[in-house]
Number of protein chains: 2
Amino acid sequence: MKDKRNIKENERFRVKIRAIQDTMFVLGGKWRLPVILSIYSGNKRFNDIAASIPEMTNRVLSKELKHLEENRLINRTIIPDYPVRIEYTITPYCLSTQSVAEPMEKWGKNHIKMLKSQ
Amino acid sequence: MKDKRNIKENERFRVKIRAIQDTMFVLGGKWRLPVILSIYSGNKRFNDIAASIPEMTNRVLSKELKHLEENRLINRTIIPDYPVRIEYTITPYCLSTQSVAEPMEKWGKNHIKMLKSQ
DNA sequence: GCACCAGGTATACTTTAGGATACAGGTATC
DNA sequence: GATACCTGTATCCTAAAGTATACCTGGTGC
């Protein structure tokens, strides 16, 4: 009886950590959420995004954009103007990342405060 | 006027991404939150934690425990028994990581569902 | 023609995360 | 005396993340 419960509980635990690791895989890393936030706040073009996060090199930006596109968090659209422009926009699905980004922002701010108060 | 607002907004944006990056630094990575969760769910000893997450090697566990201790998320106490035991417990401050871990768990579960439904 | 811009890619590098394996040092047990 | 358990550490390695710098292509403006 107790064993059965432990097995079930362990199963729940493993599902939990797998979910967290998946999130980490998709949204983890130093630049992913910042890039999403930058696009969300209105930057559509490569150089605009790059300018909004000057510490990130354009090679990294290029890679992150690809990763985000592959995970359906952003759209890359080619505008056939002269000259051709490329616009990045977040997908409706991407809005769900807010539920992760916001608590992380809060926690980070609080953590800095905590460190300072010591 | 408009410039002033943009500068202010930009400042807010930079504060935001710094906070997220700090959180990533402390809680990011494949194993950090799982280790916290394992301790939270009752595992106090090195081998118990290791057994609860068999995919992680003990070298990685050792490193993560050190990192978590340095960031005041767990306590390491030596129990002077024979043989000497060592117990890891989460700090009160560590409870605040729930506010990050839970949304990540939810998002990860939803993400998997999203991928499957395509 | 020439310089310049947008939106990247190429190349080469360093750093960090994470993994595989072994085993140490003390206690306890057979 | 040999062996096993506990809590890790040591050594070596690979892969991924991130950095630095240069360069490309196809326009535009002068």
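Convention: sequence-line order gives letters A, B, ...; per-chain numbering from 1.
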Quick one: is [X] getting a side-chain N or O under 4.0 Å of the [N] phosphate, OP1 or OP2?
X	N	value
B/Lys30	C/dG19	yes
A/Lys63	C/dT9	no
A/Trp31	D/dT19	yes
A/Tyr88	C/dG8	yes
A/Ser62	C/dG8	no

- Message: Without decimals, in angstroms, what is the distance between A/Asn47 CG and C/dG8 P?
- Response: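 To the nearest whole Å, that distance equals 9 Å.
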- Hey, are B/Lys66 and B/Glu70 close enough for a salt bridge, meaning a charged N less than 4.0 Å from a carboxylate O?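 No.
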Heavy atoms, side chains only, cut-off 4.5 Å: are [X] and [Y] in contact?
X	Y	answer
A/His111	B/Tyr93	yes
B/Arg76	B/Tyr88	yes
B/Phe46	B/Ile86	no

- Message: Five pairs per end, C1' atoms only: what is the angle between the end axes of the helix from C/dG1-D/dC30 to C/dC30-D/dG1, to 10 degrees?
- Response: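 Axis-to-axis angle, ends of the helix: 10°.
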- Query: D/dT11 base to B/Arg59 side chain: any donor-acceptor pair below 3.5 Å?
  - Reply: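 It does, because a donor-acceptor pair links the side chain of B/Arg59 to the base of D/dT11 below 3.5 Å.
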- Query: Under the 3.5 Å rule, do the base of C/dT27 and the side chain of B/Arg85 count as making a donor-acceptor pair?
  - Reply: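 Donor-acceptor pair under 3.5 Å: no.
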- Item | Modelled atom types, side-chain donor and acceptor of A/Thr97 and B/Trp107, under 3.5 Å |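 Side-chain D/A pair, A/Thr97 to B/Trp107: absent.
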- Item | Sidechain-backbone polar pair: B/Thr23 side chain, A/Met104 backbone, donor-acceptor under 3.5 Å |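 Checked: pair present.
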